[in-house]
Amino acid sequence: MTEQRLFPKPLSEREITPFSSARHAWFWFVRCQTARIEGARVIADASEVVRPCDPDDVYNAVMRLKHDGTLQDRHLQVLEYYGLVEREPDPRDRREGAKYDLWQQALDALETVLIKRGIVELRKDENFHEEDVLVELSGDLSPCGM
């Protein structure tokens with residue numbers, strides 16, 4: 001078997017912005033895949049925000065988790081479907097409760113991998129759903145500025 005020579009990708013001159021969660025990385029990956037299917041050429045540093053990876057890196061992380069047995073086919077089906085419709089399963093809907101559990105399991109496993117690879121960097125402001133985080137609203141909060 002011949003030895004494969006790998007060449008590092010050139011680093012962007014612009015500031016690289018990691019994703020704030022595996023959820024954001026997953027939705028980005030699905031949008032990139034959709035664009036590829038429609039004929040676009042997707043490059044990590046071609047948009048306004050430079051990402052620390054290519055879409056294939058997110059895909060490969062998911063496939064490694066599948067190969068290791070961490071993720072099952074049902075996890076992948078939930079990731080694919082809700083990625084394409086660009087929303088999370090709603091845990092309040094009894095029809096989506098089990099799917100939400102699979103979604104969370106998959107994203108928790110993926111997030112661990114993506115943090116280790118420097119693709120995700122958790123930020124405090126992403127935890128606005130946490131009970132102990134106080135969100136202060138300011139400005140005119142009346143409907144339609146009335």
Side-chain angles (χ1 to χ4, degrees), residues 6 8-146:
L6 300 175
K9 296 175 188 172
L11 296 175
S12 176
E13 298 293 323
R14 300 181 298 156
E15 181 181 352
I16 295 174
T17 306
F19 293 98
S20 58
S21 68
R23 182 175 65 90
H24 288 149
W26 180 253
F27 285 128
W28 173 77
F29 161 74
V30 172
R31 285 190 302 274
C32 289
Q33 283 302 102
T34 302
R36 279 181 176 168
I37 290 168
E38 294 173 356
R41 184 168 171 237
V42 178
I43 304 170
D45 64 349
S47 65
E48 291 180 23
V49 177
V50 179
R51 296 301 184 180
C53 65
D54 284 330
D56 294 337
D57 296 325
V58 177
Y59 173 81
N60 290 335
V62 169
M63 288 298 104
R64 245 179 262 114
L65 290 167
K66 165 86 166 94
H67 178 73
D68 294 345
T70 305
L71 298 181
Q72 305 300 319
D73 288 337
R74 294 195 59 201
H75 291 103
L76 300 182
Q77 291 167 351
V78 168
L79 284 174
E80 178 186 15
Y81 176 78
Y82 287 97
L84 288 171
V85 297
E86 294 191 31
R87 71 174 183 87
E88 294 182 345
D90 187 349
R92 299 168 298 178
D93 184 341
R94 64 178 173 79
R95 296 168 297 175
E96 295 185 5
K99 294 172 187 170
Y100 179 79
D101 293 339
L102 291 168
W103 171 267
Q104 282 303 123
Q105 292 167 8
L107 287 185
D108 288 347
L110 181 59
E111 193 156 80
T112 301
V113 172
L114 296 182
I115 288 171
K116 286 180 186 174
R117 298 203 52 213
I119 295 172
V120 167
E121 183 179 293
L122 296 179
R123 299 184 196 121
K124 191 68 174 165
D125 61 348
E126 285 303 309
N127 297 324
F128 66 89
H129 291 293
E130 301 284 332
E131 291 180 19
D132 61 340
V133 175
L134 177 64
V135 177
E136 190 172 315
L137 301 175
S138 61
D140 182 13
L141 302 177
S142 60
C144 303
M146 298 174 99

Subject >> Rounded distance (nearest 0.5 Å) linking atom CG of Asp101 with atom NE2 of His75 >> reply: 9.0 Å
**OP:** For the residue pair Val62 and Trp26, establish whether any side-chain heavy-atom pair is separated by less than 4.5 Å.
**Re:** yes
Subject >> side chain to side chain contact (heavy atoms under 4.5 Å, CB included) between Leu114 and Arg117, worked out >> reply: CA-CA 5 Å; Leu114 296 182; Arg117 298 203 52 213; 5.5 Å; no
Original post:
About how many Å separate CG of Leu102 and CG of Leu76, when rounded to the nearest 0.5 Å?
Top reply: 10.5 Å
Original post:
Rounded to the nearest 0.5 Å, how far does CD1 of Ile37 lie from SG of Cys32?
Top reply: 11.5 Å
**OP:** Please name all residues satisfying side chain to side chain donor-acceptor pair (under 3.5 Å) with Gln77, sequence neighbours left out, ordered by chain then number.
**Re:** none
Original post:
How far apart are the closest heavy atoms of Gly118 and Pro18, and which atoms are they?
Top reply: O-CB, 4.1 Å
**OP:** Hey, could you give me the CG/OG distance between Leu122 and Ser20, rounded to the nearest 0.5 Å?
**Re:** 8.0 Å
Original post:
So among Lys99, Arg95, Gln104, which one has a side-chain contact (heavy atoms from CB on, under 4.5 Å) with Pro89?
Top reply: Lys99
Original post:
How long is the span from the NE2 atom in His24 to the CG atom in Leu107, to the nearest 0.5 Å?
Top reply: 11.0 Å
**OP:** Mark yes or no for whether Asp54, through its side chain, and Asp56, through its backbone, hold a donor-acceptor pair below 3.5 Å.
**Re:** no
Original post:
Are any of the side-chain heavy atoms of Glu38 and Thr34 separated by less than 4.5 Å?
Top reply: yes
Can you list, pair by pair, the side-chain donor-acceptor contacts under 3.5 Å of residues 64-71, counting residues two or more places apart and other chains?
unit_1	atom_1	unit_2	atom_2	d
Lys66	NZ	Asp73	OD1	3.1

Subject >> Residue of the set Tyr82, Phe19, Trp103 for which ring pair (Phe, Tyr, Trp, His ring centres under 6.0 Å) holds with Phe27 >> reply: Trp103
**OP:** With rounding to the nearest 0.5 Å, note down the distance linking CG in Leu79 to CZ in Phe29.
**Re:** 10.0 Å
Original post:
Counting only N and O atoms by type, is there a donor-acceptor contact under 3.5 Å from the side chain of Arg51 to the main-chain atoms of Thr17?
Top reply: yes
**OP:** Among Val113, Thr112, Val120, find the residue that satisfies the side-chain contact (heavy atoms from CB on, under 4.5 Å) test when tested with Lys116.
**Re:** Thr112
